[in-house]
Each structure stands twice: as structure tokens, then as C-alpha cells.
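No hydrogens, no waters, no symmetry mates; every other heavy atom, side chains included, goes into these values. One is the number of the first residue; the rest follow in order along the sequence. These numbers come from a predicted model, not from an experiment.
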Amino acid sequence: MSTSDNPDPKHVENHAAAVALWFMYYNFARVHQTLRCTPAMEAGISNHIWTIEELCALISEISSVRQTEKNMVLKALGE
């Protein structure tokens, strides 16, 4: 068995983040020809077309929340 058969967890996390980012772009930032708006707008979830900057800001916000949660767990464990 080679090392490429066993991906490390960081690689899997990065792939999951890339897929999540693609779905956010597809549903919130990309205007679809047949709908003439984004799927999120059509579903009533969003009221505007998101920019790439808004998506990146959301990623940054989520990262800071996760770091805060991680710190809280480590503090609770006494580490």
C-alpha cells in the first residue's frame, strides 16, 4: 500500500472545504440562465447575488468561530 492510498486528514478537510465553497458559489453567486437569478434567490434564501468577497468573508468568519470553539474545548479539557 502506498501513501497515496491513505490520504491524510488535512487533505480530506481541504477537499471538503473546496467542495463547500463550490456549492456556495453555485447557489449564491452564479446567475443561472434559466432562472435569471441564483438558486438561493429563487428559493427565497437570499435577496441578492453574492460577490466573491462576501463568500471569502464568510469563510474567514467561520474559521474564526471554529478557532474560538477549539480554544473553548481545549480550555474545558484543561490543556
Side-chain angles (χ1 to χ4, degrees):
M1 187 185 293
S2 70
T3 56
S4 63
D5 293 336
N6 256 342
D8 63 305
K10 196 65 171 176
H11 180 77
V12 174
E13 288 175 15
N14 288 341
H15 181 70
V19 170
L21 183 58
W22 167 251
F23 276 102
M24 282 295 297
Y25 170 77
Y26 185 86
N27 289 308
F28 287 86
R30 182 176 180 265
V31 176
H32 294 246
Q33 260 184 339
T34 56
L35 299 175
R36 296 193 178 106
C37 63
T38 68
M41 290 172 64
E42 184 70 22
I45 297 171
S46 178
N47 61 359
H48 69 285
I49 299 169
W50 286 39
T51 64
I52 300 299
E53 289 80 14
E54 287 177 301
L55 293 176
C56 291
L58 185 62
I59 292 169
S60 176
E61 190 176 310
I62 289 171
S63 295
S64 65
V65 168
R66 285 190 176 164
Q67 185 62 41
T68 303
E69 289 174 350
K70 182 180 176 182
N71 291 340
M72 289 171 56
V73 169
L74 290 175
K75 186 177 178 182
L77 295 174
E79 294 180 9

**Student:** Quick one: list whatever passes side-chain hydrogen bond (donor to acceptor under 3.5 Å, both in side chains) with His48, sequence neighbours left out.
**Tutor:**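 Residues passing side-chain hydrogen bond (donor to acceptor under 3.5 Å, both in side chains) with His48: Glu54.
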
**Student:** Who pairs with Val73 by side chain to side chain contact (heavy atoms under 4.5 Å, CB included), at least two apart in sequence or on another chain?
**Tutor:**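 By the side chain to side chain contact (heavy atoms under 4.5 Å, CB included) rule, Val73 matches Leu77.
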
**Student:** Any link between Val12 and Val19 through a network of hydrophobic side chains (Ile, Leu, Val, Met, Phe, Trp, Tyr) touching at under 4.5 Å?
**Tutor:**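 No, it is not one cluster - the side chains of Val12 and Val19 are not joined through contacts under 4.5 Å.
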
**Student:** What's the spacing between Leu21 CG and Ile52 CD1 if we round to 0.5 Å?
**Tutor:**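 If we round to the nearest 0.5 Å, Leu21:CG and Ile52:CD1 are 7.5 Å apart.
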
**Student:** In terms of hydrophobic clustering (I, L, V, M, F, W, Y; side-chain heavy atoms under 4.5 Å; direct or indirect links), are Leu55 and Ile45 co-clustered?
**Tutor:**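 Same hydrophobic cluster.
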
**Student:** Listed by chain and number, what are the side-chain hydrogen bond (donor to acceptor under 3.5 Å, both in side chains) partners of Asn47, not counting sequence neighbours?
**Tutor:**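 None.
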
**Student:** With sequence neighbours left out, which residue pairs that include part of residues 28-46 fulfil the side-chain hydrogen bond (donor to acceptor under 3.5 Å, both in side chains) condition?
**Tutor:**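 Every side-chain hydrogen bond (donor to acceptor under 3.5 Å, both in side chains) pair that includes a residue of residues 28-46, provided the two are not neighbours, is Arg30-His32, Ser46-Trp50.
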
**Student:** Which heavy-atom pair separates Pro39 from Tyr26 by the least distance, and what is that distance?
**Tutor:**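 Closest heavy-atom pair between Pro39 and Tyr26: CD-O, 3.7 Å.
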
**Student:** If you link ILVMFWY side chains whenever their heavy atoms are less than 4.5 Å apart, which other residues fall into the same cluster as Ile49? By chain and number, please.
**Tutor:**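 When side chains under 4.5 Å apart are linked, the cluster holding Ile49 also contains Val31, Met41.
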
**Student:** If hydrophobic clusters are built from ILVMFWY residues whose side chains come within less than 4.5 Å, do Trp22 and Ile62 share one?
**Tutor:**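 Hydrophobic grouping puts Trp22 with Ile62.
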
